[in-house]
Amino acid sequence: MSNADENHLIAERRAKLAALRRQGAAYPNDFRRDALAADLLATYAERDAPWLEANPVRVRVGGRMMFKRVMGKASFAKLADRSGAIQLFLQKDALGAAYEAFKDYDVGDILGAAGPLFRTRTGELSVRVTGLELLAKSLRPLPDKWHGLADTETRYRQRYLDLVMNDASRTVFRARTQIVRYLRDALDALDFLEVETPMMHPIPGGAAARPFVTHHNALDARMYLRIAPELYLKRLIVGGLERVYEINRNFRNEGLSTQHNPEFTMLELYWAYSDHNELMQLIERLLHGLADSLLGTRLVNYQGRAYDLARPFRRVTVAELVLEHNAGFDPARLRDVPYLREACGRLGLAVKPSDGAGKLQIEIFEKTAEHTLLDPTFVCAYPAEVSPLSRSNDADPFLTDRFEFFIGGRELANGFSELNDPEDQAARFRAQVARHEAGDDEAMHYDADYIRALEYAMPPTAGLGLGIDRLVMFLTDSPSIRDVLLFPQMRPEA
RNA sequence: GGGUCGGUAGCUCAGUCGGUAGAGCAGCGCCCUUUUAAGGCGUUGGUCGUGGGUUCGAGCCCCACCCGACCCA
């Protein structure tokens with residue numbers, strides 16, 4: 001940006017920076033803090049003005065100046081650091097030339113200040129500044145101190161400004177880290193091993209989704225950003241690691257919405273000698289623990305509605321929900337393709353000629369039932385047709401031992417007993433390839449090495465995928481996935 | 001992809017019937033030694049998202065496009 005493009009506010013600050021450069025180092029790096037604002041406020045919360053007078057506590061604090069009030073020969077300012085903010089009191093008598101320099105400092109500048117703590121007339125713990133230093137000049141003015149930064153586009157594109165201005169935003173991202181740490185600690189305690197598997201796949205697998213495509217020059221090979229780590233993690237189960245998990249990004253080449261970002265974070269875990277029922281119990285335990293540790297209550301408020309996580313989570317099948325939400329649906333014809341096709345037509349659903357009863361059921365379920373699943377609900381017994389990696393149900397091979405978990409009408413998790421029969425898996429891959437060739441670009445590819453791995457035998461295993469972003473949204477009362485991603489995907493600026 | 005709403009000063013926002021672009025905060029100058037959105041006086045600051053069109057005249061009306069939010073698919 002040329003100077004001609006800058007407004008007078010920036011021009012004035014740039015002139016002040018130029019003056020600083022003439023005086024010496026404009027960006028000093030020798031100031032050291034010995035205290036954080038919130039620690040001081042907490043430590044001396046009970047100390048009154050006379051005590052602080054009698055027991056001088058000298059501190060060195062640093063941070064961004066968030067307000068500045070000059071009243072002639074005395075001034076107040078507030079310094080914000082990562083913990084919070086503390087007020088400074090500055091007097092000409094005590095500071096001399098540094099006081100005159102301070103009057104040229106701007107809100108937004110990074111300052112270092114030293115001096116004893118005291119209480120103002122109104123009782124606010126403050127630093128009576130005896131030494132002051134400008135550490136980094138802010139050339140651009142901050143948003144309005146009272147209204148803050150409200151423009152959503154700027155909040156997402158310039159997240160640093162959002163973090164400077166909005167406490168609530170900082171709180172959300174701290175909570176996100178706490179949630180991920182809680183999950184790691186809980187799984188580590190269960191003797192799960194955290195692993196890293198490839199983000200670049202020669203064959204996209206593990207989910208039904210369109211991938212991002214890239215190219216490896218040295219190998220002259222097409223590569224895909226992973227849509228899921230599933231097939232790699234299960235290779236590790238074959239390898240005998242028995243309990244593994246990965247918390248990392250997946251990439252799906254799909255639209256953006258309040259629920260979808262092209263890159264999003266999943267927890268995937270694989271648990272040998274377990275099954276989908278134990279996964280449901282695990283989810284319930286994890287959600288209880290998260291609510292307890294993060295919120296201190298199992299009564300979660302999300303977007304104005306109360307969710308009582310202490311009540312047992314509902315369990316219901318796909319078929320039951322289709323019947324529940326489609327009055328007059330003939331329960332005897334749940335697997336009758338022409339009947340289902342007709343029902344889809346009435347609902348305005350576009351179906352493919354290749355869609356079978358399982359796929360059609362799921363279309364109807366998603367259209368009519370999914371959004372109604374507000375309280376925590378496990379939807380069980382997904383059709384095999386839409387579950388190419390799940391173990392078939394022993395009593396009814398039309399179904400699999402699979403569930404999805406919903407809160408607030410949104411899918412939060414997907415879990416199942418893993419298909420460890422290599423011949424069944426090979427047949428399912430072949431069916432997926434046929435769908436792909438019939439034009440379904442979300443259908444899976446045939447992964448020969450994965451079949452080879454299963455042929456060495458994979459123990460009976462349960463596997464779970466948990467959407468971290470949506471979990472964080474729920475636990476932080478955030479309406480959009482962009483509110484829980486530090487840098488959500490945006491169209492490039494013009 | 002469709003619909004609704006929005007884009008005006010650094011920030012938050014007004015802008016009437018189409019008739020000289022405004023306020024608060026921030027900034028700049030002066031005053032002010034315990035403020036709490038400090039206060040007082042004065043004052044600078046505009047590609048009204050972009051490009052066309054209608055009109056004597058467009059922030060406002062029409063068309064196209066860009067960016068964003070939300071809803072729907």
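Since the model is a prediction, treat every value here as computed from it, not as a measurement.
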- prompt: Just how far, in rounded Å, is P of B:rC31 from NZ of A:K73?
  reply: 8 Å
- prompt: Hey, does the side-chain of A:D151 have a donor or acceptor N/O within less than 3.5 Å of a partner on the base of B:rU12?
  reply: no
task: Would you kindly give the CG-to-C1' distance between A:L9 and B:rG10, to the nearest whole Å?
output: 5 Å
- prompt: Within the modelled atom types, does a donor on one side and an acceptor on the other bring the side chain of A:D106 and the base of B:rG27 under 3.5 Å apart?
  reply: no
- prompt: Would you say the ring centroid of A:F118 lies under 6.0 angstrom from that of A:F89?
  reply: yes
message: Nearest whole Å is fine: how far is B:rC70 C1' from A:Y156 OH?
response: 11 Å
task: Using whole Å, report how far CG of A:L142 lies from C1' of B:rC25.
output: 13 Å
message: Can you confirm whether A:E254 is buried at CD, in the sense that more than 12 heavy atoms of other residues, nucleotides or ligands lie under 6.0 Å from that atom?
response: yes
Nucleotide B:rA37, atom P - distance to CH2 of A:W146 in whole Å: 6 Å
query: Any sub-3.5 Å donor-acceptor pair from A:N55's side-chain atoms to A:W51's backbone N or O?
result: yes
message: Which residue in the set A:L111, A:L88, A:D34 passes side-chain contact (heavy atoms from CB on, under 4.5 Å) when paired with A:V61?
response: A:L88
Could you list the protein-to-nucleotides 39-44 of chain B atom pairs, N/O on both sides, closer than 3.5 Å?
none

If you restrict it to nitrogen or oxygen atoms, what contacts under 3.5 Å exist between nucleotides 71-73 of chain B and the protein, and what is each distance?
from	atom 1	to	atom 2	distance (Å)
B:rA73	OP1	A:K367	NZ	3.1

message: Counting neighbours of CZ on A:R222 that are heavy atoms of other residues, nucleotides or ligands and sit closer than 6.0 Å, is the number greater than 12?
response: no
query: So does A:E124 reach the base of B:rU34 with its side chain, donor to acceptor, closer than 3.5 Å?
result: no
- request: Return no unless some side-chain N or O of A:R140 is found under 4.0 Å from OP1 or OP2 of B:rG10.
  value: no
- line: As its Watson-Crick or G-U partner within any shown strand, both distances under 3.5 Å, B:rU12 has B:rA23
- prompt: Around A:R159, counting heavy atoms of other residues, nucleotides and ligands shown, do more than 12 lie under 6.0 Å from its CZ?
  reply: yes
message: Is A:K145 close enough to B:rA26 that one of its side-chain N or O atoms is under 4.0 Å from OP1 or OP2 there?
response: yes
Over 12 foreign heavy atoms within 6.0 Å of CD, A:E100: yes
- prompt: Just checking, A:K68 and A:F102: is the charged tip under 6.0 Å from the six-membered ring centre and within 45° of the axis?
  reply: yes
field: Pairing nucleotide - B:rA37, Watson-Crick or G-U, each distance under 3.5 Å
entry: none
message: In this structure, how many angstroms lie between the C1' atom of B:rA26 and the NZ atom of A:K78, rounded?
response: 19 Å
A:L90 CG to B:rC32 C1', straight-line distance once rounded to whole Å: 16 Å
- request: Report the base-pairing partner of B:rG68 (Watson-Crick or G-U wobble, both distances below 3.5 angstrom), or none.
  value: B:rC5
- prompt: Just by modelled atom types, is the A:V472 backbone N or O under 3.5 Å from a matching donor or acceptor in the A:R176 side chain?
  reply: no
task: Return the value, rounded to whole Å, for the distance between atom CZ of A:R157 and atom C1' of B:rC66.
output: 11 Å
message: Taking atom CZ as the centre, does A:R305 end up with more than 12 heavy-atom neighbours from other residues, nucleotides or ligands that are less than 6.0 angstrom away?
response: yes
